[in-house]
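All remarks here apply to the structure that follows.
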Protein chains: 2
Amino acid sequence: MFSKTCEYAIRAMIFIAQKTKEGDIRIGIKDIASGIDSPEYFIAKILQELSRKGLVQSVKGPNGGFYLDHSSLQQSLADVVRAVDGDKIFEGCGLGLKQCSEKCPCPIHHDFKRIRKDLYRTLEKSKLGNFTEELDKQLLFLRR
Amino acid sequence: MFSKTCEYAIRAMIFIAQKTKEGDIRIGIKDIASGIDSPEYFIAKILQELSRKGLVQSVKGPNGGFYLDHSSLQQSLADVVRAVDGDKIFEGCGLGLKQCSEKCPCPIHHDFKRIRKDLYRTLEKSKLGNFTEELDKQLLFLRR
DNA sequence: TTAATAAAAGACAAAAATATCTTTTATTAT
DNA sequence: ATAATAAAAGATATTTTTGTCTTTTATTAA
Ligand code: FES
Ligand code: FES
């Protein structure tokens, strides 16, 4: 469904959101990596990219690390997916035709459209900051 | 969503189903490749594998090629997906946790479950032989 | 029986995704 | 100012996916 990169990105962003909301000023890359059980160097690269795009904030140096500002906390999972994987998943043809088209639909087009829309709406409604409480209560998990 | 391999596989299988139902005894790899606009050698490899697994039938030599027997025509797209990509898409965690679990759900688990189920049911209900008529009428397409 | 045909099998190549390591830069505390 | 810290940037490595080419095997038609 999503690339590994994207899976890590979503988990990391939700993790940072949680820590930010819990009151941690900033969270370091090592804590993120262990918090979501991902390769440290790899998630560093991913966050670097997301930082460049402004989806996450960071500061260097002692006590530095990543955090989410007020507006970033309101970003949706769809925004993260789009930033990492592009919108192939939201717009592309499920059977790999050059483009999804109503006029020249592939055999799964009509069903796929519905499923894709459901996926999109769901991700669009899920804001990074929405999971903090349940994560804290251990009703949701980012690693296992 | 699906791997390239899987996208080609589905298109090819539906294409073979169409040709088989139209009355062509067998259809050659070149015709398949051009019929679904895929790399010839690549789709050959894919069908080789599906043939080994019994999802498609083939014969070598002059007038040889691929076809679907009566029971293969009733195979679903889900069967093809499972044969090619495994059941990660149907069973795995959407955020890449080691396994999808009701007890330790990831943040998108509940929504993802619904979407995944919709996808699965849709693919399960779609039989390879179901698209022939609409393909013939050019209401559906396998290339563009 | 022989030559032609077409898929199977196996080897190889290129590209993309995933992962790791090193050096540089910005920031902070001393 | 200096040393320590932590992310940014850049380079490199590994694995997986995608794509191609060559040789072998089975089948058929002449
Ligand atoms: S054409 Fe394939 S999903 Fe729309
Ligand atoms: S735990 Fe992630 S989808 Fe079920």
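Everything numeric in this text was worked out from a predicted model, so none of it was measured.
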Discussion item. So does E40(B) get a backbone contact from the side chain of K30(B), meaning a donor-acceptor N/O pair under 3.5 Å?
Written reply: no
Response to the item:
Comparing nearest nucleotides in DNA chain C, the 5'-proximal residue of the pair V59(A), F2(A) is F2(A)
Discussion item. I'd like to know if the side chain of D69(A) and the backbone of S72(A) have a donor-acceptor N/O pair within less than 3.5 Å.
Written reply: yes
Practice prompt. Check whether any side-chain nitrogen or oxygen of S51(B) sits under 4.0 Å from OP1 or OP2 of dA8(C), and answer yes or no.
Written response: yes
Worksheet entry | Nearest-angstrom distance from the residue atom CZ of F42(B) to P of dA7(C) | 18 Å
Worksheet item: Are OP1 or OP2 of dA29(C) and a side-chain N or O of N63(A) less than 4.0 angstrom apart?
Response: yes
Discussion item. Between D118(A) and I115(A), is there a side-chain heavy-atom distance shorter than 4.5 Å?
Written reply: no
Practice prompt. Using a heavy-atom cut-off of under 4.0 Å over every strand shown, decide if L47(A) touches base, sugar-phosphate, or nothing.
Written response: nothing
Item to complete: Taking only the side-chain nitrogens and oxygens of Y8(B), find out if one of them lies under 4.0 Å from OP1 or OP2 of dT18(D).
Response: no
Worksheet item: Between E49(B) (CD) and dA7(C) (C1'), how many Å, whole number?
Response: 15 Å
Item to complete: Please examine the side chains of H109(B) and C100(B), heavy atoms only from C-beta on, and report whether any two atoms are closer than 4.5 Å.
Response: yes
Practice prompt. Establish, with yes or no, whether the OP1 or OP2 oxygen of dT17(D) is under 4.0 angstrom from a side-chain nitrogen or oxygen of T5(B).
Written response: no
Discussion item. How many whole angstroms separate atom CD of E7(A) from atom P of dA17(C)?
Written reply: 14 Å
Practice prompt. Go through dT18(C), dT18(D), dA9(D) for me and flag the one nearest to the S3(B) side chain.
Written response: dT18(D)
Worksheet item: So which one's nearest nucleotide on DNA chain C is more toward 5', C6(A) or R26(A)?
Response: C6(A)
Discussion item. From CD1 of I43(B) over to P of dG19(D), roughly how many Å is that when rounded to an integer?
Written reply: 10 Å
Fill in: Proximity to the side chain of P62(B) - top-ranked nucleotide from dT5(C), dA9(D), dT28(C)
dT5(C)
Worksheet item: Side chain of F66(B): nearest nucleotide among dA7(C), dT18(C), dA9(D)?
Response: dA7(C)
Item to complete: To the nearest 0.5 angstrom, please state how far the OG1 atom of T122(B) sits from the NZ atom of K117(B).
Response: 12.5 Å
Discussion item. Rounded at 0.5 Å granularity, tell me how far CG in L95(A) sits from CZ in R143(B).
Written reply: 14.5 Å
Practice prompt. Specify the separation, in whole Å, of atom CD of Q48(B) and atom P of dG10(C).
Written response: 9 Å
Worksheet item: Within the structure shown, what part of the strands sits under 4.0 Å from K45(B) by heavy-atom distance: base, sugar-phosphate, or nothing?
Response: base
Worksheet item: Nearest-Å distance, CD1 (I25(B)) to P (dA29(D))?
Response: 12 Å
Worksheet item: Taking the side chain of K4(A) as its heavy atoms from C-beta onward, which of dT18(C), dA7(D), dT5(D) lies nearest to it?
Response: dT18(C)
Worksheet item: Does Y41(A) place a side-chain N or O at less than 4.0 Å from the phosphate oxygens OP1/OP2 of dT12(D)?
Response: no
Discussion item. How many whole angstroms separate atom CD1 of I29(B) from atom C1' of dT27(D)?
Written reply: 17 Å
Worksheet, complete the sentence: Per atom distances to the S58(A) side chain, the nearest of dA8(D), dA8(C), dT18(C) is dA8(D)
Worksheet item: Out of dT25(C), dA9(C), dA8(C), which nucleotide sits closest to the side chain of K60(A)?
Response: dT25(C)
